[in-house]
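These numbers were taken from a predicted model, which means no experiment stands behind them. Atoms within a ligand are numbered from 1 in the order they appear, just like the ligands themselves.
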Amino acid sequence: MNWQNHVVIVTGAGSGIGAGIADLFAELGAQVVVADVNQARGEAVAADLQHRHGRGLAVTTDVSKDAQCAALIARAVETYGHLDTLVNNAGVNFVKPTLEMSEADWDRVIDVDLKGTFLCSRHALAVMVPRKTGGIINIASVHTVATLPEAAPYAAAKGGVHMMTCSMAIEFAPHGIRVNAVSPGLTDTQIWQDIQAAAESREAAQQHWHDNIPLGRVQSTREVANVVKFLASDESSYITGANLMTDGGMTIQLINRARYASAALEGRVS
Ligand SMILES: NC(=O)c1ccc[n+]([C@@H]2O[C@H](COP(=O)([O-])OP(=O)(O)OC[C@H]3O[C@@H](n4cnc5c(N)ncnc54)[C@H](O)[C@@H]3O)[C@@H](O)[C@H]2O)c1
């Protein structure tokens with residue numbers, strides 16, 4: 001596939017997975033818009049892409065604000081003439097007991113992860129429909145199929161993103177527009193650094209996740225970006241409404257391998 005004239009917006013591209021996705025598309029030769037609420041981070045990523053790949057435009061955007069989403073899409077179209085792919089990646093998460101969760105806590109996660117995905121999508125769809133081509137890729141999470149305690153807003157937001165993906169996929173299929181989700185498991189970003197720092201030791205954290213992830217390791221941002229690239233490419237031309245898990249098999253196992261081994265020894269499983 002020739003990516004030279006492909007225009008991609010990646011929200012939350014100032015760090016982590018979004019920066020990894022922006023990097024891959026710039027390397028492929030696409031025009032990449034780096035949209036992040038953090039101006040300094042977004043501009044740093046765009047400057048780095050310009051330096052290494054000769055492309056990358058920073059547009060500071062808070063995806064929870066409708067006018068800013070509209071301005072983001074308009075800027076991409078003004079600059080490059082059209083929009084091929086929107087990657088809704090911006091997201092926030094925190095873990096907190098439900099009884100301590102405030103209304104503001106709930107609103108913060110829902111506004112960015114769920115409402116932000118909706119707002120950016122509808123402005124993008126408005127410019128994609130007349131061209132009868134385009135694609136949206138929502139970065140959801142393993143929380144679309146399995147979740148944890150103290151993660152109610154995040155689980156609700158990501159579960160919502162999953163079903164919003166399905167609804168928009170059906171609605172815009174007649175217009176030649178595909179809408180899909182990618183659901184990463186644990187990825188080597190700041191959250192993985194934080195998990196290791198909070199653990200007894202880095203080795204203990206790595207062993208824990210080795211036991212809990214069938215493939216036995218945390219993935220790189222490039223591994224998520226490769227799935228996004230597939231969904232943005234013609235290679236996936238018959239896929240819409242999918243939620244592709246890139247989680248090393250984390251969500252398909254009933255119990256982790258260490259627990260399974262000890263239970264099997266005690267004759268409690270067959
Ligand atoms: N890292 C993981 O292990 C993991 C796993 C599953 C899903 N995810 C999802 O992947 C996405 C990226 O996660 P990450 O770990 O790279 O996060 P991150 O915190 O490293 O990066 C998120 C970026 O989004 C930006 N952002 C936050 N609020 C925003 C807003 N209102 N408007 C625009 N930008 C905003 C931040 O400034 C930041 O640069 C999120 O949607 C997250 O839920 C991450």
List every atom of ligand 1 that sits less than 4.0 Å from any heavy atom of [X], numbering the atoms from 1 in the order shown and giving each element.
| X | value |
| --- | --- |
| Thr61 | 32 (N), 33 (C) |
| Ala140 | 7 (C), 9 (C) |
| Thr187 | 1 (N), 2 (C), 3 (O) |

Kindly state if atom 34 (N) of ligand 1 has a protein heavy atom within a strict 4.0 Å cut-off, that is, under 4.0 Å?
yes
Looking at ligand 1, is there an atom of it that comes within less than 4.0 Å of some heavy atom belonging to [X]?
| X | value |
| --- | --- |
| Ser183 | no |
| Asn93 | no |
| His143 | no |
| Thr11 | no |
| Tyr154 | yes |

List the closest protein heavy-atom neighbour of atom 16 (O) of ligand 1: residue, atom name, distance to the nearest 0.1 Å.
Ile17 N, 2.8 Å
Which residue supplies the protein heavy atom nearest to atom 6 (C) of ligand 1, what is that atom called, and how far is it?
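Ranked first by proximity to atom 6 (C) of ligand 1 is Pro184 O, 3.1 Å.
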Output every pair passing ring-ring contact (aromatic ring centres under 6.0 Å, His included) with a member in residues 83-141, not counting sequence neighbours, ordered by first then second residue.
none
Do other residues, nucleotides or ligands put more than 12 heavy atoms under 6.0 Å from the CG atom of Asn5?
no
Would you say Val227 ends up clustered with Leu24 if hydrophobic residues are merged whenever their side chains have heavy atoms under 4.5 Å apart, either directly or through other cluster members?
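Linked, Leu24 and Val227 end up in one cluster.
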Looking at side-chain heavy atoms only, is the closest gap between Ile9 and Leu83 below 4.5 Å?
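Counting from C-beta outward, Ile9 and Leu83 do come under 4.5 Å.
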Which bit of [X] is near ligand 1, meaning a heavy atom under 4.0 Å away: side chain, backbone, both or neither?
| X | result |
| --- | --- |
| Val37 | both |
| Thr189 | side chain |
| Asp62 | both |

Please say whether [X] places an N or O atom under 3.5 Å from an N or O atom belonging to ligand 1.
| X | result |
| --- | --- |
| Ser15 | yes |
| Arg41 | yes |
| Asn89 | yes |
| Lys158 | yes |
| Asn38 | no |

Going through the distances and angles, do Glu27 and Arg222 end up as a salt bridge (Lys or Arg N to Asp or Glu O under 4.0 Å)?
CA-CA 12 Å; Glu27 192 181 297; Arg222 180 53 72 102; 2.9 Å; yes
Would you call the rings of Trp209 and Trp192 parallel, tilted or perpendicular, taking 30° and 60° as the class edges?
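Taking Trp192 first and then Trp209, their aromatic rings stand perpendicular (interplane angle over 60°).
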Look at the aromatic rings of Trp3 and His6 and report parallel, tilted or perpendicular, splitting at 30° and 60°.
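Trp3 and His6: perpendicular rings.
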Pairs in or reaching into residues 128-139: which pass side chain to side chain donor-acceptor pair (under 3.5 Å), with residues at least two apart or in two chains?
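Applying side chain to side chain donor-acceptor pair (under 3.5 Å) to every pair that reaches into residues 128-139, excluding sequence neighbours, yields Asn88-Asn138, Asn138-Thr165.
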